[in-house]
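Each remark here refers to the structure printed beneath this line.
All chains are named by letter (A, B, ...) in the order of the sequence lines, taking the proteins before the strands, and each is independently numbered beginning at 1. Everything numeric here is computed off the predicted structure, so don't read it as measured data.
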There are 2 protein chains.
Amino acid sequence: MKVINHRANKLKVIYGPAVAVDAVLFTLDQGQLKVLLIKINNGPYQNKWALPGGLVQLNETLDEAAKRVLFQKTNIGDIHLEQLYTFGDLKRDTRGRVISVAYFALVSHPNNYKVKTTPYYSEITWQPIKNLPLMAFDHRKIIEDALERLKAKLEYTNIVYSLLPKEFTLTDLQKTYEIILGKKLDKRNFRKKMIFSSLIEKTGKKRKGEPHRPARLYRFAERKLKLI
Amino acid sequence: MKVINHRANKLKVIYGPAVAVDAVLFTLDQGQLKVLLIKINNGPYQNKWALPGGLVQLNETLDEAAKRVLFQKTNIGDIHLEQLYTFGDLKRDTRGRVISVAYFALVSHPNNYKVKTTPYYSEITWQPIKNLPLMAFDHRKIIEDALERLKAKLEYTNIVYSLLPKEFTLTDLQKTYEIILGKKLDKRNFRKKMIFSSLIEKTGKKRKGEPHRPARLYRFAERKLKLI
DNA sequence: ACAAAAGTGTTAGACATACACCCATGA
DNA sequence: TCATGGGTGTATGTCTAACACTTTTGT
């Protein structure tokens, strides 16, 4: 691999890795944590699944590249992506030396987005994290790291807001935590903490049409990332 | 900038950023937190200071590149480097598009290493973090981010072990924390926590030759990174 | 004997954990 | 009226924070 680089106004050829971005996109669906995967249609990784990703262009920052790639490959836009880690093993892409700057983000529900396919990526799907298919590159590792980061951030940020709709019940919120953390939480303690944290506030409304006592609806006080 | 990349056994030219690594190396000296800087000798950043860094080669991982660059530029080897973040702004290097994967590490005392200069880097120095000179690239920002990460890691890891000699007193240890965190800590509470954490253990020895009550010497139970 | 740093314990408040019953509604 | 999930309080243990005096040594 060769990098041709303008330095001191001369065209200078240097050899170096190519730079890609990959996005780990989580959502909740049917009581499961899922991740967005794309099926590769040809080349050495044919029929394997991968994260949406692509090469970084010269005229875009890494953050911009992550957003662009995600939008181009999946039609998902306008979400907050956070840089996760940069993966640089020699053999992570058998076709050549490529390092990947991985990003992760959460989206509220798969049905809110119309994903699309491309000639190179023939299928696109939300795959349960517990049941990942055969993955291309080191993408399984990237997903595992992203999940670990997500769990950690649950504890000290309001990051879940992007997984939930505008209005939700405390039980919805608790289920979200339980699914991601993979463990049961105590209802009374959870509610105490959430209400006291003042990350959420009552809407005054109740959820109707279910054959039980109606649950109060809450909203997030602010729909942007905050430390608790 | 152009990246020539073997894909599917054909030489394919693609345009993309070059990839560099930069290392933020911290130490304690004379009661101050210092960072290793290098003076750039020519080009648009002449006479500015920078972190030791360099381009990533095709045959090395990012971690290996960080180690190699640090060793070549400063003669410092055999330390644990941790990836910090990847910086990818368009104009961070005026000479061309370069993204930088930043690493950080701690070393015990500057005198333990014989740093050296190169034609491109004319001077090398440990600079107090409170008093940084005019810096090249976005290296001031990288140092600030590294410092923030270091403070955070103090709270939940034994990372300070690499700043201290084999044997040290509890007062040494407390001063180390106070310098990095930039605040005073309560002596009794600090000792209680440290001793109870079982990260450190008594050597049975005492420091001699000072005109006061001799302090007990401690060592780290394990000299590798652990969560508390 | 004195100067200087080493060393030590207790109390109060904040926070996490464990735990069981009544309430409101639709069917 | 019953089935179902919604909603609530208290007691206990753990961790953090505030706080001042005695001990040991070299000079």
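When distances are taken from the side chain of K193(B) to each of dA6(C), dT16(D), dC23(C), the shortest belongs to dT16(D). Side chain of P214(B), nearest nucleotide from dT24(D), dT17(C), dG7(C): dT24(D). Ranking dG7(D), dC19(D), dG7(C) by closeness to the K187(B) side chain, first place goes to dG7(C). Taking the side chain of R216(B) as heavy atoms from C-beta on, and the options dA27(C), dG7(C), dT27(D), the nearest nucleotide is dG7(C).
Between the side chains of D172(B) and Y218(B), no donor N or O sits under 3.5 Å from an acceptor N or O. In the model, T61(A) has no side-chain atom that pairs as donor or acceptor with a side-chain atom of D89(B) under 3.5 Å. There is no side-chain donor-acceptor pair under 3.5 Å between R207(A) and T171(A).
Between E64(A) and R68(A) there is no salt bridge, since no side-chain N of the basic residue sits under 4.0 Å from a carboxylate O of the acidic one. Salt-bridge annotation for R149(A) and D145(A): absent, with no side-chain N of the basic residue lying under 4.0 Å from a carboxylate O of the acidic one.
A straight line from NE2 of H212(A) to C1' of dT1(D) spans 16 Å, rounded to a whole angstrom. If you measure from atom CG of L173(A) to atom P of dG7(D), you get 12 Å, rounded to the nearest angstrom. Atom-to-atom, CZ of R213(B) to P of dC2(C) comes out at 20 Å; the value is rounded to the nearest Å. Going from atom CZ of F190(B) over to atom P of dA18(D) covers 16 Å, rounded to whole Å. Taking atom CZ of R188(A) as the reference point, atom C1' of dA16(C) lies 14 Å away to the nearest angstrom. Residue E210(A) contributes atom CD, which lies 18 Å from atom P of dA24(C) at whole-angstrom precision. Taking atom NZ of K192(A) as the reference point, atom P of dA14(C) lies 15 Å away to the nearest angstrom. The NZ atom of K208(B) sits 11 Å away from the C1' atom of dG26(D) (whole-angstrom rounding).
Looking at which nucleotide of DNA chain C each of F196(A) and K206(B) is closest to, the 5′-most match is held by K206(B).
Using a 4.0 Å heavy-atom cutoff across all strands shown, T171(B) reaches sugar-phosphate atoms only and no base atom. Here R191(B) lies in heavy-atom contact (under 4.0 Å) with a base.
Between the side chain of N189(B) and the base of dA18(D), a donor-acceptor pair under 3.5 Å is found.
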